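To start, the structure itself, in structure tokens.
Fair warning: this is a prediction, and the values are worked out from it, not measured in the lab. Each chain gets a letter, A, B and so on, in the order the sequences are listed, and its residues count up from 1.
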Protein chains: 2
Amino acid sequence: MDTTKATTAFAALSQPTRLDVFRLLVQAGKTGLLAGEIGEKLNVRQNTMSANLLVMLNAGLIRKTREGRGIRYFADMPAMADLIGFMLKDCCGGNVDECKPFLEQVACKC
Amino acid sequence: MDTTKATTAFAALSQPTRLDVFRLLVQAGKTGLLAGEIGEKLNVRQNTMSANLLVMLNAGLIRKTREGRGIRYFADMPAMADLIGFMLKDCCGGNVDECKPFLEQVACKC
DNA sequence: TCCATATATCATGAATTATTGATATAATGA
DNA sequence: TCATTATATCAATAATTCATGATATATGGA
């Protein structure tokens, strides 16, 4: 992870449709979603959705596999973890006590 | 946290100077940094830095307090935790086993 | 091979964002 | 009050991004 990759990823998340797509895919887990399903759920036109999925692919936030005529998309969770790690590197001035409340707040609830 | 707030925050992090500023402030912890110190460290002109700091303030990622003639900036860690929580809500389809490796990777190392 | 379905690409105009020079405001000290 | 330091705001141009209509490509089935 470097600044260029990170800013590209954040730019991909800075548009409402794309953020919604990412959150849907995070919630879908390993099952993923077909491109068409995503467009339908979010009520976004086909070519607009395709363009937005491409932005997220290029940003490394999602992956895809062909499935028959369709294409199934997945959130790339390791990439997301890497991004968060980059952003929070050496956080809180290395002070564990200062950091603890933050960690508790960010912990996943699933 | 909602989609609008989140996309605004990600947009603020999608520019190299601003991402560098945020990471510096994360590392500075409660000590924070003066606006001038930030500009000097990152070699960014005064008005450009001021404009970028304003974007981050409006995005809710940083806070400021006046200190004599200077202004001291801090990363808003609770806001960051909130943002990460929003992005990862109901992750991995609610499957804890699927989620575990991700959580281990994202855990803070400080 | 021909058709239907699913997704991607292209070109374009509209809107947004970034940087900069110039200038303004705020706080301090003489 | 005047000068200095620190930061913010303004106006303008340049660059980037967005959604869309039209069209192209890929897969599967008849």
I need the [atom1]-[atom2] distance between [X] and [N], as an integer number of Å.
| X | N | atom1 | atom2 | answer |
| --- | --- | --- | --- | --- |
| A:K64 | C:dA6 | NZ | P | 17 Å |
| B:L54 | D:dC10 | CG | P | 10 Å |
| A:L57 | C:dT7 | CG | P | 13 Å |
| B:Y73 | D:dA6 | OH | C1' | 11 Å |
| A:M49 | C:dT7 | CE | P | 11 Å |
| A:I71 | C:dT5 | CD1 | P | 18 Å |

With a 4.5 Å heavy-atom cut-off, do [X] and [Y] have their side chains touching?
| X | Y | result |
| --- | --- | --- |
| A:M80 | B:M87 | yes |
| B:I84 | A:L88 | yes |
| A:L34 | A:I71 | no |

Open item on the list: Can you tell me how far apart CG (A:L13) and CZ (A:F22) are? Round to the nearest 0.5 Å.
Closed with: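 Separation between the atoms: 6.0 Å.
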
Numerically ordered, the residues 32-43 of chain B set in heavy-atom contact under 4.0 Å with DNA chain C is none

Residues two or more places apart in sequence or in another chain: which of them pass side chain to side chain contact (heavy atoms under 4.5 Å, CB included) with [X]?
| X | answer |
| --- | --- |
| B:L57 | B:I62, B:K64, B:Y73 |
| B:T17 | B:Q15, B:V21, B:V44, B:M49, B:N52 |
| A:D2 | A:T4, A:K5 |
| B:A12 | B:R18, B:V55, B:A59, B:L61 |

Contacts of A:R23 meeting side-chain hydrogen bond (donor to acceptor under 3.5 Å, both in side chains) (sequence neighbours excluded), chain-then-number -> none

Across all chains, not counting sequence neighbours, the ring-ring contact (aromatic ring centres under 6.0 Å, His included) partners of B:F10 are A:F10

Under 3.5 Å, which protein N or O atoms sit close to an N or O of nucleotides 25-30 of chain C? Give each pair with its distance.
none

Reading nucleotides 11-22 of chain D from 5' to 3' and marking B where a protein heavy atom lies under 4.0 Å of the base, S where only the sugar-phosphate is that close, and - otherwise, the string is -------SSBBB

Salt bridge (Lys or Arg N to Asp or Glu O under 4.0 Å) pairs touching residues 40-63 of chain A, sequence neighbours excluded, are A:R63-A:D76

